[in-house]
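Working notes, beginning with the structure itself.
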Amino acid sequence: MKIAIVIGTRPEIIKMAPVIDEIKKRNIEFSLIHTGQHYDHEMSQQFFQDLELPKPDHYIGVGSKSHAKMTAATMKGLEDILKEEKPDIVMVQGDTNAVLAGALVASKMHIPVGHVEAGLRSFDKTMPEEINRIVADTCTHLYYTPTEKAALNLLFEGADPENIIITGNTIVDACLRNLQIAKHKSNIRFPSDKIITLTMHRAENVDNKARLKSITQALLELDEFMIIFPVHPRTRKNLEKFHLYKPLAEAEHIKLIKPLGYLDFLLLLSKSYVVLTDSGGLQEEAITLNIPCLTLRYNTERPETVEAGGNILVGADKKRIIETLRLIQENPNFRMKMINAPNPYGDGKASEKIINATLDFHNKGKLTIKP
Ligand code: UD1
Ligand code: UDP
């Protein structure tokens, strides 16, 4: 069996790393394809180093473009590569444009698509990621879903139950394994014990001046905390464009830093009082590492984290962000409940389950698209 793996951005590299490790462990033939959507050292190469990943066999180099141009360039590059590689399955992960392009190209070439993290839905079609999830799952043959809820979403949309495998999320594999490594290898130091780790990059927050301003105003007021903010390149660009960068840089309690490598970031997260984020992966990592999470969004495709009691949706509303954080601070029991929220994403064996299921399908001759 030969597996082609498509990755394009930071979270895909992190979440596919345990799957690649599992494939290597079993000596399965594979080809690693990087679309080049993320290309800065600290958004891509750094993770290959931290996670000891092999160099990609193919690099498409799409770079930053509009959605249509990026998807088209990725599709064009992938079609040629898949013609040459002739894999038995194309694996994609998550909801980026790399996933959209990978799923569309492979399914039209009648190559089965395996979607890692299938079935997530925010039910908000204004998010580019929601469109990518729906289209990718329409093209998917093997759905590796992280939770029962994700599996149900697919069943309601008419997916064949035989092709749905509930695996847990590979982020748990990545996060638990690498936190141990980080404890030995990372040299990161923390200036305070009341750290808020902050990340944001979601288009609906950082491309919108009013929302970005409202969030930054909340940050400026929260001076009883030390806020550590590794700034995503999209966010840096927009903070500068909207003249919001300087006040943050001048505030003593806010540390604006470059995006961190995975080991440093995991250690920072594990020492945080709270995480404030609009990231998908961080909502999952926070509950895995027992860190209370406040999500800077009004909806989430990870409702399991909210239902478990580990995640609160605070939107981009200055008052709500500040008041929720102060409520947590004033009520230690409240924070303990969030810390003790059960992890809905499995036991860290998702990649093993993904490869077991794929081999099983292949051995039974079910890894085929019949015309
Ligand atoms: C993309 C994904 C998003 C994912 C995120 C992970 C889509 C539609 N979006 O969003 O789902 O959560 O990655 O971080 O696929 N840039 C750089 N250097 C880089 C990469 C980007 O400077 O290495 C800047 C460019 O100005 C670019 C902007 O960031 O225009 C946005 O990059 P893009 O890949 O389009 O989207 P992300 O916001 O990173
Ligand atoms: N991350 C990192 N360094 C940082 C910020 C985030 O290593 O400075 C990791 C984080 O631990 C998580 C992933 O990047 O695993 C999340 O990526 P991102 O928020 O960019 O994308 P999303 O998950 O929202 O698609």
Side-chain angles (χ1 to χ4, degrees), residues 6-18 34-47 49-51 61-71 73-74 92-102 117 120 122 127-133 135-136 169-175 178-179 182 186 188 197-207 228-238 240-241 255-270 272 275 277-286 288-289 291 293 295-297 300-302:
V6 180
I7 51 172
T9 66
R10 169 169 75 183
E12 293 161 82
I13 304 170
I14 295 168
K15 288 176 166 178
M16 283 310 272
H34 193 326
T35 69
Q37 179 173 346
H38 281 178
Y39 45 85
D40 287 348
H41 177 88
E42 64 263 23
M43 295 300 287
S44 174
Q45 182 66 28
Q46 178 69 51
F47 296 92
Q49 282 169 20
D50 285 350
L51 298 161
V62 290
S64 300
K65 293 180 169 65
S66 70
H67 282 272
K69 284 184 180 148
M70 185 191 289
T71 309
T74 311
V92 293
Q93 192 288 328
D95 53 20
T96 66
N97 288 343
V99 177
L100 171 69
E117 210 178 83
L120 270 63
S122 66
M127 285 182 83
E129 291 86 358
E130 182 72 354
I131 305 297
N132 293 349
R133 289 180 202 116
V135 176
N169 198 310
T170 61
I171 195 72
V172 182
D173 314 17
C175 179
N178 288 292
L179 181 60
S186 171
I188 195 162
T197 294
L198 164 74
T199 81
M200 58 171 160
H201 68 278
R202 210 47 69 202
E204 63 265 28
N205 277 336
V206 307
D207 293 5
I228 303 190
F229 181 11
V231 192
H232 187 287
R234 178 186 206 112
T235 311
R236 182 174 293 268
K237 221 170 80 178
N238 286 335
E240 281 163 1
K241 179 170 138 198
K255 302 284 168 228
L256 297 172
I257 57 175
K258 278 182 159 190
L260 289 172
Y262 197 48
L263 300 182
D264 289 343
F265 189 78
L266 275 182
L267 209 57
L268 169 66
L269 179 63
S270 72
S272 299
V275 59
T277 192
D278 63 14
S279 158
L282 261 174
Q283 293 173 64
E284 298 157 349
E285 284 168 334
T288 302
L289 297 183
I291 307 298
C293 183
T295 296
L296 297 162
R297 289 176 50 189
T300 179
E301 59 293 318
R302 277 109 173 149

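Counting from 1, the numbers follow the sequence of the chain as shown. Atoms within each ligand, like the ligands themselves, are counted from 1 in listed order.
At the shortest separation from atom 20 (O) of ligand 2 among protein heavy atoms lies Arg10 NH2, 2.9 Å. The protein atom (non-hydrogen) at minimum distance from atom 25 (O) of ligand 2 is Pro11 CG, 3.4 Å. Shortest contact from atom 19 (O) of ligand 2 to any protein heavy atom: Ser279 OG, 2.7 Å.
Considering backbone and side-chain atoms together, His232 places no N or O closer than 3.5 Å to any N or O of ligand 2. An N or O contact shorter than 3.5 Å links Tyr39 to ligand 1 by distance. Taking only nitrogen or oxygen atoms, main chain and side chain alike, Leu266 does not reach within less than 3.5 Å of ligand 2. Annotation: Asn97 places an N or O atom under 3.5 Å from an N or O atom of ligand 1; distance criterion only. Considering backbone and side-chain N/O atoms, Asn132 never comes within less than 3.5 Å of an N/O atom of ligand 1. Looking at Gly281 next to ligand 2, an N or O pair under 3.5 Å apart turns up.
Only side-chain heavy atoms of Ile171 come within less than 4.0 Å of ligand 2; its backbone N, CA, C and O stay farther off. When heavy-atom distances to ligand 2 are checked against a 4.0 Å cut-off, Glu129 has no atom that comes that close, whether in backbone or side chain. If you look at Arg202 next to ligand 2, the close heavy atoms, those under 4.0 Å, all belong to the side chain.
For atom 25 (C) of ligand 1, the nearest non-hydrogen atom from the set Ala203, Pro259, Ser279, Ser64 belongs to Ser64. Of the candidates Arg234, His201, His38, the one placing a heavy atom closest to atom 39 (O) of ligand 1 is His38. Of the listed residues (Glu42, Glu12, His232, His41), the one carrying the non-hydrogen atom nearest atom 14 (O) of ligand 1 is His232.
Ligand 1 does not have Arg236 within reach: every non-hydrogen atom of the residue lies 4.0 Å or more from it. Residue-ligand proximity: His67 is placed with a non-hydrogen atom under 4.0 Å from ligand 1.
Atom numbering of ligand 2 starts at 1 in the shown order; those under 4.0 Å from a heavy atom of Gly280 are 22 (P), 23 (O), 24 (O). For ligand 2, the atoms sitting less than 4.0 Å from at least one non-hydrogen atom of Leu260 are 2 (C), 3 (N), 4 (C), 7 (O), 8 (O), numbered in the order shown with element in parentheses. Set against the non-hydrogen atoms of Pro230, the atoms of ligand 2 under 4.0 Å away are 8 (O).
When the shell of 6.0 Å around NZ of Lys258 is examined, it contains 12 or fewer heavy atoms from other residues, nucleotides or ligands.
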